[in-house]
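Below is one structure; the comments refer to it alone.
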Amino acid sequence: MRILIGEVKNHIDTEVEISGWTQNIRIMSTVLFIELRDVSGTVQGVLLKKGNEELFETLKALPRESVLSMTGQAVKSQAKIGYEVQIKHLDILNRAETPLPLGVVDKIESDIETRLENRFLDLRRPEKLSIFKIQSTISNSIRNFFVNSGFIEIHSPKIVAAATEGGTELFPVKYFEKNAYLSQSPQLYKEMMMSAGFDKVFEVAPAFRAEEHNTPRHINEFTSIDMEMSFVSDEGVMDVLENVVKTAYKAVADRNERELEILGVPRPNLDYKFKRITYSEYVRMANQKGIAMNDGEDLSTQVLKTVGGGIKEFYFITRWPRELKPFYVQPYDEKYSRGFDLQFGELEITSGAQRVHSPEVLINNLRSKGLNPDSFSFYVNTFKYGMPPHAGWAIGLERLTMVLLDIVNIRETTLFPRDRTRVTP
RNA sequence: GCCCCGAUAGUGUAGUGGCCUAUCAUCCGAGUCUGUCGAGCUCGGGACACGGGUUCAAAUCCCGUUCGGGGCGCCA
């Protein structure tokens, strides 16, 4: 029975069967070593030429990254990891073509373009695999957090009829005789679930944005972790968000020791309270740093880098001007709203808000943003027959992974990124 | 959408008008080597993105195209 390579150390002095990719073959005159890799690690197999001449010659000509299965005695040895497998039997399951479009264990790091074109090979590198093992821990721990806190997991439609928030560009889809779009966010649907009485919901799903951005922190399809709660304020969901992020960090610290080590990332630790900085304070901080801007203007990349770049931790920016936030954000007063962002340094991780629950305010807001309430009737109607006060947020899974692992390009934390020019692979 | 930059073997690079029949590493192939672990050593293989132009001479300069990278904007 096949065991994982990472388990071999627990089977010393017994016969084991392992399978994987031949990452390197070292040939001596009388002995050769095969470095075999699977999802759990690598180990070397040893084969003496004497008595195995035919297999020895076959393996000498075996290309790197071929797939094979071997059985043999696991023994302690002078190998660097302290043990190895003495090959008794070996099956070549699939030969790799040569040359490889991308060397998996080459010392040189290829361009990101080459890597993404050959992503399956790129992902064979333990450090790339580690990113996604950690991302799995993040999304699983967040999902568990929600389930354990009484949230209902929902699956809202990704083909929608109208722009959900206005503003952003959407990808059009032909929907038989109608025009439809790929969903930019489950925003309207998760709010509707509040009117439906679900009380607390969450969703982990893709979001699509047709913006032609060329930056290392935007892609056109990303994974949005959304939540919405009833009878709660903006402050209340900020508390939940802080808990969620801390839960995810702790889960990674507990479960991904090996992956963190492979990536050279210190054990994540968030033993501080996330600061809550109002938008207006943020503007004053920018002014103090010599950036001329007025209260009411959006925070530019320059401002976020200058002010936020020095804050290497999570913090909230709260009370955004109503002008800068979508129609569904609850006003705080005449000028400001109950909308907030969670930032890490200069990078926005989350945006959230207490939402409008009064139908009158909602309709006014829609009009003042130049949107026609009639085209949102499916949504506006849910406010007319008993919409509770509610609040929620959405966190970008890829961005959270970037921050946790100190990675600067979102393409690195996306399996197959959809960016301005890439639709394949 | 705007601005800047780039494209040389499978991969990553050197190259600044003639010394380029193009460097180095890796890779691939052949050989050698008594256990390696970035194995070592010897020999061999493989490239100037595409189209035009300038020049006696272009990888090198100019124009265009395509593709890519970075910054900004928009957005999250």
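Sequence lines set the chain letters: A, B, ... in the order given, protein chains first and strands last, and positions in each chain run from 1. Note that the structure is predicted; figures quoted are calculated from it, not measured.
Ring geometry, A:F316 versus A:F340: the interplanar angle exceeds 60°, so the pair is classed perpendicular (tilted spans 30 to 60°). Classification of the A:F146-A:W393 ring pair by plane angle, with boundaries at 30° and 60°, yields tilted. The aromatic rings of A:F274 and A:F314 sit parallel to each other, their planes meeting at less than 30°, with 60° as the upper class boundary.
One interatomic measurement links the two molecules: CG of A:L59 to C1' of B:G35, which rounds to 16 Å at whole-angstrom precision. As a whole-Å value, the separation of A:I112 CD1 from B:G69 C1' is 10 Å. Rounded to an integer number of Å, the gap from A:L299 CG to B:G73 P is 11 Å. Separating the CG atom of A:L47 from the P atom of B:U34 is a distance of 17 Å, rounded to the nearest angstrom. The interatomic distance linking A:R64 (CZ) with B:U11 (P) rounds to 13 Å, in whole Å. A straight line from CZ of A:R124 to P of B:U11 spans 17 Å, rounded to a whole angstrom. We find that CE of A:M28 is positioned 15 Å from C1' of B:G31, with the value rounded to whole Å. One atom, CD of A:Q184, and another, C1' of B:C74, lie 13 Å apart when rounded to the nearest Å.
Phosphate contact (OP1/OP2 of B:G71, side-chain N/O of A:T215, threshold under 4.0 Å): absent. Between A:T301 and B:G73, a side-chain N or O to OP1/OP2 separation shorter than 4.0 Å is present. A close approach under 4.0 Å does occur between a side-chain nitrogen or oxygen of A:R26 and OP1 or OP2 of B:A39.
Looking at heavy-atom distances under 4.0 Å, A:R422 makes contact with sugar-phosphate atoms alone, never a base. Using a 4.0 Å heavy-atom criterion, one finds that A:K49 contacts no nucleic acid atom at all. Using a 4.0 Å heavy-atom distance criterion, A:T114 is classed as a sugar-phosphate-only contact. As judged by a 4.0 angstrom heavy-atom cut-off over every strand, A:L116 is placed among residues making no nucleic acid contact. Residue A:N214 is classed as a base contact, given a heavy-atom separation below 4.0 Å to a base. Heavy atoms of A:N409 sit under 4.0 angstrom from primed sugar atoms or phosphate atoms, though from no base atom. Residue contacts for A:Q78: at a heavy-atom cut-off of 4.0 Å it reaches a base atom on one of the strands shown. Note on A:P216: only backbone sugar-phosphate atoms sit closer than 4.0 angstrom, heavy atoms only; bases stay farther off. A:I27 comes within 4.0 angstrom of a nucleotide base, judged by non-hydrogen atoms across all strands. Heavy atoms of A:T350 sit nowhere under 4.0 angstrom from any nucleic acid atom.
Straight-line distance between the P atoms of B:A59 and B:G53: roughly 15 Å, to the nearest whole Å. As rounded to the nearest Å, B:A47 and B:U8 have C1' atoms that lie 6 Å from one another. As rounded to the nearest Å, B:C50 and B:C2 have P atoms that lie 27 Å from one another. Atom name P, nucleotides B:U11 and B:C28: the rounded distance is 14 Å, in whole Å. Separation of the C1' atoms belonging to B:U23 and B:A9 is 12 Å when rounded to the nearest angstrom. Look at the P atom in both B:G10 and B:C27: the space between them is 16 Å, to the nearest Å. For the P atoms, the distance from B:U16 to B:C61 is 10 Å, rounded to whole Å. A distance of about 32 Å separates the P atoms of B:A25 and B:G68, rounded to the whole Å.
Take the nearest nucleotide of RNA chain B for A:S351 and for A:K60: the residue whose nucleotide is more 5' is A:K60. Two residues, A:E212 and A:I81, neighbour RNA chain B, and the one matched to the more 5' nucleotide by heavy-atom proximity is A:E212.
The six-membered or imidazole ring of A:F327 lies near that of A:F376, with a centre-to-centre distance under 6.0 Å.
The shortest distance between side-chain heavy atoms of A:E242 and A:K273 falls below 4.5 Å. Within the 4.5 Å cutoff, no side-chain heavy atoms of A:L62 are placed close to those of A:T58.
At a cut-off of 3.5 angstrom, the base of B:C75 holds no donor-acceptor pair with the side chain of A:H213. The base of B:G35 sits with one of its N or O atoms less than 3.5 Å from a complementary donor or acceptor on the side chain of A:E84. A donor-acceptor contact under 3.5 Å is formed by the side chain of A:Q44 with the base of B:U36.
Checking B:C2 for Watson-Crick or G-U wobble geometry (two distances, each under 3.5 Å) identifies B:G71 as its partner. The nucleotide B:U16 finds no pairing partner, because no Watson-Crick or G-U wobble arrangement with both distances shorter than 3.5 Å includes it. Summarising the base pairing, B:G40 is matched to B:U32 through a Watson-Crick or G-U wobble pair whose two defining distances lie under 3.5 Å. The nucleotide B:U54 finds no pairing partner, because no Watson-Crick or G-U wobble arrangement with both distances shorter than 3.5 Å includes it. The base-pairing partner of B:U21, taking Watson-Crick or G-U wobble contacts with both distances under 3.5 Å, does not exist among the strands shown.
Nearest to the side-chain atoms of A:V46 among the listed nucleotides B:C74, B:G35, B:A39 stands B:G35. For A:P99, taking side-chain heavy atoms from C-beta onward, the closest of the listed nucleotides B:C75, B:C27, B:G73 is B:C27. Distances were taken from every side-chain heavy atom of A:F33 (C-beta onward) to each of B:U11, B:U36, B:C74; the shortest belongs to B:U36.
Within 6.0 Å of the NZ atom in A:K76, the count of heavy atoms belonging to other residues, nucleotides or ligands does not exceed 12.
With salt bridges taken as basic N to acidic carboxylate O contacts below 4.0 Å, none links A:E281 and A:R319. Ion pairing between a basic and an acidic side chain is recognised when a charged N comes within 4.0 Å of a carboxylate O; A:D38 and A:R2 show such pairing.
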